[in-house]
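The structure that follows is given in the form of structure tokens.
Sequence positions, counted from 1, serve as the residue numbers for this chain. When a ligand or atom number is given, it counts from 1 through the structure's own listing order.
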Amino acid sequence: MECKVFKFGGASIKDVEGFINVGKIIIHFEKENLVIVISALGKTTNALEEVVKTWFYQKPGAKDLLMNVKNSHQQIAAALLKDSSSVFNEINDLIVEIEWIIEESPQEKFDYYYDQIVSIGEMLSTKILAYYLTELGLPAVWVDARDIIQTDNTYRDARIDWENTQKKADHILKKFLEQQKMVITQGFIGCSSENFTTTLGREGSDYTAAVLSYCLDAGSMHIWKDVQGVLTADPRLFQNVIKLPRLSYKEAIEMTYYGAKVIHPKTIKPLQNKNIPLYVRPFDDSESEGTLISDVLELSYPPVIVIEPNQCLLHIASNDFSFVAEHHLSRIFSLLDKHRIKVNMMRNTAISFTICTSYIPDKIEAFRVELGKEFNMVIDDELELVTIRHYNEETLQNMKKNRLVLLEERLRNTIQMVIKNLPEMKRIEG
Ligand code: ASP
Ligand code: MG
């Protein structure tokens, strides 16, 4: 049975109007078999991250932060629903579970607690939506994504166990769809084989929708967003941004790999593997098809600019002036992998090796410590990584204005530059 998988992000359900709008879109597609994947409301995930950090590092105020999350959900539920008593109980139960955790002092690793706590954002949002759709007379059924999405136990970056996820999707979701139910479930979260909650990485709801699309052989997947589709650059940073009506899977993978935030980078592969078209469409205009991403022969594209902020350069040199040779590189790479430091760009010279990566101080510090005595590492931070796909000289020269280019690499379709916006550079000696 062919279904459509919809995904709504936090921005589309940040307030009562958002829920009402989502309801309208769903009614519009009421005749279809729908699986609806939802993120947490608005900035809830950030708020819950603060709860975990505050409690884990034993600072005061975690409980108050949690109560803010509870109150904001109750307010929306009260304003949205005719009868909010049942959902109030459910909200309460979810919050109480977290209260129990944060009443004790932490015994396990941070990432484990992160997933147990932050995941309730999606639990709360889907509960509210499921009640609302039911009040609208739709055959909504709330499904716990942790009963479907099986993962390993890499907290905060869990990998999908495809075999078991497929079995569960067949067993649970297909049954609901055959009964003409409309499935409402959480993005971003999964379950390990030990039955603990895991998460798939920030903004991972798109990926959940793609995993489910794959397992259900969906006819299409639709990401509803607060933009017109996939654009040639971030409209908050650039003028004259245009929407790309069509993209190939390959182009979409490249763009997201370089940091385009419009879809989660892992989303495309499962869809491409089964040739499932993906629509990125505006939630304020359900008639517009937005951008269609599918299996097309390479199209020609205008220049597309992707900016990855918060970058740094790590200059790694051997201490004794020996060449940074292959065996050094292999050691450096195995440590990068171990510390899950993603290399966005790299360059080697006689006695040093430079990489561009996101500036995440605790990860980089742990990496530096492990590099040990053989190497010396210098960090340049407060940088940006600019990628221009399908560049032309004009776009390139415009991007270079008032910026210092520290590293540049040109390939056939792509140019990448690590840039500094300010005149003076801050160096942290390490
Ligand atoms: N709520 C999660 C986040 O904000 C997942 C998502 O939005 O896709 O990262
Ligand atoms: Mg979100």
Side-chain angles (χ1 to χ4, degrees), residues 5-15 18-19 22 35-53 65-66 68-70 72-73 76 91 94-95 98 110-111 113-130 142-146 148-149 151 154-160 184-191 197-213 221-227 230 252 256 259-271 278-281 283 308-310 340 342 358 360:
V5 175
F6 281 6
K7 183 259 169 174
F8 293 94
S12 33
I13 46 166
K14 64 178 190 309
D15 48 25
F19 274 92
V22 167
V35 173
I36 300 160
V37 175
I38 304 283
S39 311
L41 260 68
K43 299 271 175 260
T44 302
T45 305
N46 294 355
L48 290 165
E49 278 186 347
E50 285 311 312
V51 173
V52 193
K53 281 191 211 152
L65 292 169
L66 182 64
N68 294 342
V69 171
K70 178 179 174 180
S72 60
H73 284 79
I76 288 186
I91 293 174
L94 287 164
I95 297 287
I98 308 304
F110 179 85
D111 289 356
Y113 286 117
Y114 179 101
D115 284 2
Q116 313 316 305
I117 295 176
V118 167
S119 53
I120 68 151
E122 271 68 15
M123 299 294 284
L124 293 165
S125 64
T126 47
K127 288 280 181 196
I128 298 175
L129 184 70
W142 181 90
V143 174
D144 190 331
R146 296 170 302 183
I148 316 282
I149 305 284
T151 69
T154 317
Y155 297 109
R156 291 182 75 179
D157 191 18
R159 311 267 156 101
I160 303 290
I184 317 297
T185 195
Q186 307 81 41
F188 180 57
I189 73 175
C191 185
T197 304
T198 54
T199 67
L200 308 177
R202 285 302 306 262
E203 307 302 327
S205 297
D206 295 348
Y207 184 43
T208 305
V211 171
L212 296 181
S213 297
M221 171 172 151
H222 305 245
I223 298 180
W224 298 88
K225 286 195 75 93
D226 55 351
V227 284
V230 180
T256 54
K261 297 283 179 289
V262 64
I263 15 181
H264 188 279
K266 285 185 182 167
T267 311
I268 303 296
K269 184 177 180 288
L271 300 177
L278 167 63
Y279 294 86
V280 178
R281 46 201 303 186
F283 64 62
E308 188 77 86
N310 190 34
R340 290 180 173 251
K342 183 172 170 278
S358 295
I360 306 170

> Does any N/O atom on Glu122 come nearer than 3.5 Å to any N/O atom on ligand 1?
Replying inline: yes

> If you measure from each non-hydrogen atom of Ser39 to ligand 1, which part falls under 4.0 Å: side chain, backbone, both or neither?
Replying inline: side chain

>> Checking Lys70 now: which residues fulfil side-chain hydrogen bond (donor to acceptor under 3.5 Å, both in side chains) with it, not counting sequence neighbours?
In response: Asn92

> Is any side-chain N of the basic residue among Arg202 and Glu49 closer than 4.0 Å to the acidic one's carboxylate O?
Replying inline: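 Glu49 and Arg202: salt-bridged.
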
>> I need the atoms of ligand 1 closer than 4.0 Å to a non-hydrogen atom of Arg202, numbered in the order shown.
In response: 3 (C), 4 (O), 9 (O)

>> Against ligand 1, does Gly9 come closer than 4.0 Å with any heavy atom?
In response: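 Flag not set, Gly9 not near ligand 1.
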
> Listed by chain and number, what are the side-chain hydrogen bond (donor to acceptor under 3.5 Å, both in side chains) partners of Thr185, not counting sequence neighbours?
Replying inline: none

> Contact between Ala40 and ligand 1, counting heavy atoms under 4.0 Å?
Replying inline: yes

>> Would Lys7 count as being in polar contact with ligand 1, using the rule that some N or O on each side must be under 3.5 angstrom apart?
In response: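 Among all N and O atoms of Lys7, none is under 3.5 Å from an N or O of ligand 1.
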
> So, Asp157 and Lys266, do they make that salt bridge, N to O below 4.0 Å?
Replying inline: yes

> What atoms in ligand 1 come closer than 4.0 Å to a heavy atom of Thr45?
Replying inline: 1 (N), 2 (C), 3 (C), 4 (O)

> Atom CD1 of Ile148 and atom CD1 of Ile189: how far apart are they, to the nearest 0.5 Å?
Replying inline: 11.5 Å

>> Taking Ser39's backbone N and O only, do any of them form a donor-acceptor pair with Glu122's side chain (distance below 3.5 Å, no angle check)?
In response: no

>> Taking only non-hydrogen atoms of His264, do any sit less than 4.0 angstrom from ligand 1?
In response: no

